[in-house]
Amino acid sequence: MQRVIIHYHEIALKGHNRPMFVRQLLRNIEGVLRSTACSLVRSAEGRVVVHVPDAQVWPIVRERLGYTFGIANFSLAWKSDRRVESLAATALGALAGRRATSFAVRVKRADKSYPLTSPEIARRVGKIVQDRLGWKVDLEHPEVEVLIEVLAREAFVSVERQRGLGGLPVGVSGTVVALLSGGIDSPVAAWRMMGRGCRVEFIHFSGAPYQDRRSLEKAQELTQVLTRYQLHSRLHAVAFGEIQRHIVTAVARPYRVVLYRRMMLRIAAEVARRVGGRALVTGESLGQVASQTLENLAAIEEAVDIMVLRPLIAMDKNEIRAQAERIGTYEISIRPDQDCCQLFVPPQPATRMSAAEARQVEEPLDVQALVGRALEAMETFEYCFP
Ligand code: ATP
Ligand code: MG
């Protein structure tokens, strides 16, 4: 039977929180590998070990572990006893059928009382492999790397190491509520918060009943893709058109976008209160569009008491787009839709609105009643992965 050896990321640095982080990572790995017949996910001497009953499931295991935050790297491995001859025999078994001309053996000893040093183990195993296969040792640019990990009672040998996503395991930092439009930015913002250990609840505002369902359908598909990274998600869908109609009748055109956003935040803040969310998350990026100035951002967040996080605030569009492609959301985000923020707004919105002005132009609106009605009609969708 083979194993997958998983090395954690920043968890290693987290001092007394470490046991809690490792427990969460184990739970997340167990969850993501559900239905692959892999078993016994356990934490051994600073690593997670997964039993793989059948090498055929490796491609799917590799893909799924690639979605799991908190993993630095992982590899398919063979278990061995700790004698040098056994390590070499296991390495030769793992290399069977491979074609190469050069290799390197890299060794890590978790058990420092082992009688040989790491370079000594590498040299001895390397010698046996070289004699048998005729490949030359190249420590700088080997075609194949043989990785050996010596633990207290056992050792693991692997020949293929995958990079993990890094970050912190989802769930260690609490829950946040992300405002998910159909655009490119907000899914990236939500994903980055997952990478800091947050479980993300999503909320989407559509222009219903004055606009069609396309933006909601995009938000649903985006949530589905993002669920790979946290295994379970909820998307709260709010029909926002009625609120927009009220804003339009009360407020001059240039101010509308800021007022829309203030209402969105208020509704999202109430959802956060209900689900135990500690912060809201948006995809805003400073100066990206005319409405995203420091003045407007301040006027928008003044509407709520809860913290508003903007993980993309200092990123440029190219970086954000590249990240969206890696996450798998870009192709969905660029599909045309009807964005409710474009409803009844001018091409030139106000760029420097103060919170005082916002409160003043909001005066004629019955904010509480509007928020209450939107929440009553809110629909919630659930997603699971796998
Ligand atoms: P995105 O690509 O995320 O839409 P954007 O640059 O187009 O970002 P805006 O559309 O101005 O920016 O919106 C800024 C942020 O406000 C979004 O990133 C998102 O967090 C939130 N937001 C805007 N519209 C909606 C919506 N219809 N539903 C939910 N959140 C929204
Ligand atoms: Mg947008």
Side-chain angles (χ1 to χ4, degrees), residues 177-183 186 202-216 219 236-275 277 279-284 286-310 337-380:
V177 174
L179 284 81
L180 186 70
S181 67
S186 45
F202 299 97
I203 183 165
H204 173 74
F205 299 88
S206 74
Y210 302 108
Q211 289 178 323
D212 66 29
R213 296 177 56 85
R214 268 180 296 168
S215 77
L216 174 58
H236 307 279
V238 177
F240 199 58
E242 220 33 72
I243 289 183
Q244 292 181 283
R245 198 175 57 81
H246 278 86
I247 292 175
V248 166
T249 50
V251 178
R253 281 175 166 257
Y255 301 124
R256 289 175 188 166
V257 173
V258 169
L259 291 211
Y260 290 170
R261 288 290 148 71
R262 284 168 64 90
M263 293 302 284
M264 286 183 185
L265 287 197
R266 288 189 179 106
I267 294 166
E270 177 53 26
V271 170
R273 201 188 57 76
R274 293 180 184 179
V275 303
L280 304 182
V281 178
T282 78
E284 287 156 323
L286 189 59
Q288 196 193 83
V289 290
S291 61
Q292 291 173 16
T293 60
L294 288 178
E295 289 84 350
N296 282 1
L297 295 180
I300 291 167
E301 74 178 18
E302 193 264 352
V304 292
D305 292 329
I306 189 171
M307 177 161 59
V308 180
L309 300 174
R310 302 179 177 91
D337 65 0
Q338 293 183 311
D339 174 1
C340 72
C341 291
Q342 307 301 321
L343 196 59
F344 320 123
V345 298
Q348 295 295 318
T351 53
R352 295 189 198 296
M353 192 170 185
S354 70
E357 276 179 285
R359 256 178 282 133
Q360 197 198 337
V361 293
E362 239 169 33
E363 196 94 312
L365 299 171
D366 186 347
V367 166
Q368 282 321 310
L370 291 172
V371 168
R373 279 207 294 279
L375 284 163
E376 254 167 52
M378 186 169 76
E379 275 185 282
T380 297

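In what follows, residues are counted from 1 in the order of the sequence shown.
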Check: To the nearest 0.5 Å, what is the distance between CD (E242) and CG (L370)?
Finding: 9.0 Å

Checklist line | Donor-acceptor under 3.5 Å (S186 side chain, G182 main chain) | finding: no

Next item on the list: Identify the two heavy atoms, one from L375 and one from V271, that lie closest to each other, and give their separation to 0.1 Å.
Entry: CD2-CG2, 4.0 Å

Notebook entry, point to check: What heavy-atom pair brings G277 and I306 nearest, and what distance separates the two atoms?
Noted result: O-CD1, 3.8 Å

Item checked: Audit row: H204, E379, side-chain contact (heavy atoms from CB on, under 4.5 Å) steps and yes/no -> CA-CA 10 Å; H204 173 74; E379 275 185 282; over 6 Å; no

Margin query: Using every non-hydrogen atom in the two residues, find where S215 and S206 come nearest and quote the distance to one decimal.
Written below: OG-CB, 3.9 Å

Margin query: If you apply the rule side-chain contact (heavy atoms from CB on, under 4.5 Å), what do you find for Y210 with Q244, and how did you get there?
Written below: CA-CA 10 Å; Y210 302 108; Q244 292 181 283; over 6 Å; no

Next item on the list: Decide salt bridge (Lys or Arg N to Asp or Glu O under 4.0 Å) for R373 and E376; before the verdict, give the C-alpha distance in whole Å, the side-chain angles of both, and the deciding distance to 0.1 Å.
Entry: CA-CA 5 Å; R373 279 207 294 279; E376 254 167 52; over 6 Å; no

Next item on the list: Under the side-chain hydrogen bond (donor to acceptor under 3.5 Å, both in side chains) rule, collect the residues that match up with E270, sequence neighbours excluded.
Entry: R273, R274

Checklist line | Spacing of L280 atom CG and I267 atom CD1 [to the nearest 0.5 Å] | finding: 11.5 Å

Next item on the list: Quick one: closest heavy-atom pair of A269 and V304, and the distance?
Entry: CB-CG1, 3.8 Å

Notebook entry, point to check: Do the side chains of E357 and V258 get nearer than 4.5 Å, heavy atoms only?
Noted result: no

Next item on the list: Examine distances only and state if a side-chain atom of Q292 and a backbone atom of E284 form a donor-acceptor pair shorter than 3.5 Å.
Entry: no

Check: Can you tell me how far CZ of R261 sits from OG1 of T282, rounded to the nearest 0.5 angstrom?
Finding: 8.0 Å

Check: Which atom names give the shortest non-hydrogen contact between A299 and A355, and what distance separates them?
Finding: CB-N, 3.8 Å

Check: Rounded to the nearest 0.5 Å, what separation is found between the CG atom of L286 and the CG atom of L297?
Finding: 6.5 Å

Notebook entry, point to check: Taking NZ, NE, NH1 and NH2 as the nitrogens, is one of them in R266 or E362 under 4.0 Å from a carboxylate oxygen of the other?
Noted result: yes

Checklist line | Euclidean distance, R256 CZ relative to I247 CD1, rounded to 0.5 Å | finding: 9.5 Å

Check: What are the two closest non-hydrogen atoms of L179 and M264, and how far apart are they?
Finding: CD2-CB, 4.0 Å

Notebook entry, point to check: Say you draw a straight line from CZ of R262 to CG of N296; how long is it, rounded to the nearest 0.5 Å?
Noted result: 11.0 Å

Next item on the list: Any pair with a residue in residues 238-274 that passes ring-ring contact (aromatic ring centres under 6.0 Å, His included), sequence neighbours left out, goes on the list, sorted by first then second residue, please.
Entry: F205-F240

Notebook entry, point to check: After noting the C-alpha distance and the side-chain angles of M353 and V361, does the key distance pass the side-chain contact (heavy atoms from CB on, under 4.5 Å) rule?
Noted result: CA-CA 11 Å; M353 192 170 185; V361 293; 3.6 Å; yes

